[in-house]
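A quick write-up on the structure given underneath.
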Amino acid sequence: MTLRLENVSKSYDNVRAVQNISFSCESGTITGFIGPNGSGKSTTLRMIAGLTRLDEGSISIAGTRFQDLANPGREIGFLLDPSAHHPGRSVRETVGVAAIMMGLPFQRVDAAVESVGLAGAARRKVRSLSLGMRQRLSLAIALLGSPRYLVLDEPANGLDVEGMGWLKASIRAFVAGGGAVLISSHLLNELESYVDRVVIIDRGQVLSNSSMRELGRTDMTEVDGPERQKIQRILQAEGLVIVGGAGACVQPIQVASSPEQVGEILWRHGVQVSLLHRKQVESLESYYSELTSPEFAAVPAVKDER
Ligand SMILES: Nc1ncnc2c1ncn2[C@@H]1O[C@H](COP(=O)(O)OP(=O)(O)OP(=O)(O)O)[C@@H](O)[C@H]1O
């Protein structure tokens with residue numbers, strides 16, 4: 001059971017919002033989806049929901065395109081835009097409309113409203129709800145059809161401390177039941193405490209896709225030598241991501257890979273190396289900062305002049 005994106009691209013006029021990205025979310029796992037503002041997260045999540053058309057590539061939910069799902073709300077739940085609900089409807093009516101669309105009995109509505117802690121606000125109009133309450137309402141609708149997948153765009157926005165704890169517990173319970181969750185967030189310290197995998201995106205491209213376990217073991221390598229441009233060119237040609245120190249920078253080149261791999265590649269190419277050592281990843285936030293830092297990030301591949 002997999003939510004799979006393969007070579008997905010999307011441009012708006014001349015903005016390349018998403019460029020050839022691929023990753024998948026397996027059942028029983030929580031995948032964090034992180035990146036700077038404007039890096040393409042919402043565009044990607046909206047493409048999964050069929051709200052934004054793909055230019056290229058494919059997205060499938062357990063092998064089926066979203067558009068082809070017979071009853072999408074029973075398969076995959078979305079929390080994309082908490083302000084999308086009609087402001088004049090009550091909480092109960094809003095969930096009720098969703099239940100009708102999914103072909104669910106109205107009896108499910110009160111339980112759903114209660115499960116997200118909104119029983120006391122069931123008759124309040126959406127326009128009078130706080131952002132955190134709208135997030136809870138959106139989650140009630142996302143979970144209403146007992147889907148197997150959940151896609152959440154910044155669900156923690158507007159939640160208080162208790163709300164954050166509740167959100168985490170809800171996501172964990174969903175995954176414990178065999179579901180798969182894809183969640184975007186800027187709260188990296190929070191995210192680190194409960195995701196299984198993390199996909200880092202910047203300028204529409206996936207920079208890193210690894211499990212938290214792998215990330216803990218992921219080595220950043222610092223490497224340098226008299227032929228710095230050549231080192232950069234060779235490592236990029238071998239598919240490694242340079243995260244800093246390239247070009248004319250005075251710092252060593254930083255590579256998102258192990259020193260063993262970097263050393264083996266450079267040895268194979270006969271390049272002289274003056275420095276090669278491991279730089280440990282301390283936290284998701286520090287790893288993310290290294291990958292996406294404006295001075296260093298997405299170091300463009302140097303042209304192969306050979
Ligand atoms: N409807 C649109 N029309 C034109 N450009 C758009 C549209 N939606 C997004 N973009 C552009 O696509 C790029 C990616 O935007 P997107 O909203 O996917 O980023 P994001 O990672 O979700 O950002 P944030 O963290 O700020 O929510 C940005 O350059 C944005 O300006």
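Remember, predicted model here, so these are calculated numbers, not experimental data. When a ligand or atom number is given, it counts from 1 through the structure's own listing order.
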Quiz prompt | Donor-acceptor contact below 3.5 Å, side chain Ser130 vs main chain Met133 | solution = yes

Self-check item: N-O pairing of Lys168 and Glu190 below 4.0 Å
Solution: yes

Self-check item: Non-hydrogen atom of Gly35 closer than 4.0 Å to ligand 1
Solution: no

Quiz item: Taking the minimum heavy-atom distance to atom 15 (O) of ligand 1, which of Asp153, Thr43, Asp202 ranks first?
Solution: Thr43

Exercise. List the closest protein heavy-atom neighbour of atom 14 (C) of ligand 1: residue, atom name, distance to the nearest 0.1 Å.
Key: Gly38 O, 3.4 Å

Quiz item: Between Asp110 and Arg92, is there a side-chain N and carboxylate O pair less than 4.0 Å apart?
Solution: yes

Practice problem: Looking only at distances, please establish whether an N/O atom of ligand 1 is found under 3.5 Å from an N/O atom of Val15. | Solution: no

Practice problem: Could you list which atoms of ligand 1 come closer than 4.0 Å to a heavy atom of Ser39? | Solution: 19 (O), 20 (P), 21 (O)

Quiz prompt | Which segment of Asn37 sits under 4.0 Å of ligand 1 when only heavy atoms are counted | solution = both

Quiz item: Can you list the atoms of ligand 1 that are under 4.0 Å from a heavy atom of Lys41?
Solution: 18 (O), 19 (O), 20 (P), 21 (O), 22 (O), 23 (O), 24 (P), 25 (O)

Quiz item: So, is Ala17 polar-close to ligand 1, with some N/O to N/O distance under 3.5 Å?
Solution: no

Practice problem: Measure the distance from atom 1 (N) of ligand 1 to every protein heavy atom, then report the residue, atom name and distance (to 0.1 Å) of the closest one. | Solution: Tyr12 CE2, 3.7 Å

Quiz item: Please state which protein non-hydrogen atom is closest to atom 17 (O) of ligand 1 and give its distance, to 0.1 Å?
Solution: Ser42 CB, 3.8 Å

Quiz item: How about Arg16: does its CZ atom have over 12 heavy atoms from other parts shown lying under 6.0 Å from it?
Solution: no

Quiz item: Within the structure, does Thr44 bring an N/O atom to less than 3.5 angstrom of an N/O atom in ligand 1?
Solution: no

Exercise. Take every heavy atom of Glu154, measure it against each atom of ligand 1, and state whether any distance is under 4.0 Å.
Key: no

Quiz item: Taking NZ, NE, NH1 and NH2 as the nitrogens, is one of them in Glu238 or Arg233 under 4.0 Å from a carboxylate oxygen of the other?
Solution: no

Quiz item: Are a donor atom and an acceptor atom from the side chains of Ser22 and Glu6 found within less than 3.5 Å of each other?
Solution: no

Quiz item: Is there a protein heavy atom at a distance of less than 4.0 Å from atom 12 (O) of ligand 1?
Solution: yes

Quiz item: Side chains of Ser42 and Asp153: donor-acceptor distance under 3.5 Å anywhere?
Solution: yes

Quiz item: Is there a donor-acceptor contact under 3.5 Å linking the side chains of Ser274 and Asp224?
Solution: no

Quiz item: Which part of Ser184 is near ligand 1, with near meaning a heavy atom under 4.0 Å away: side chain, backbone, both or neither?
Solution: neither

Quiz item: Going by the order shown, which atoms of ligand 1 are within less than 4.0 Å of some heavy atom of His186?
Solution: 25 (O)

Quiz item: Can a donor-acceptor pair be found between the side chains of Ser170 and Arg136 at a distance below 3.5 Å?
Solution: no

Quiz item: What residues form a ring-ring contact (aromatic ring centres under 6.0 Å, His included) with Phe66, not counting sequence neighbours?
Solution: Phe78

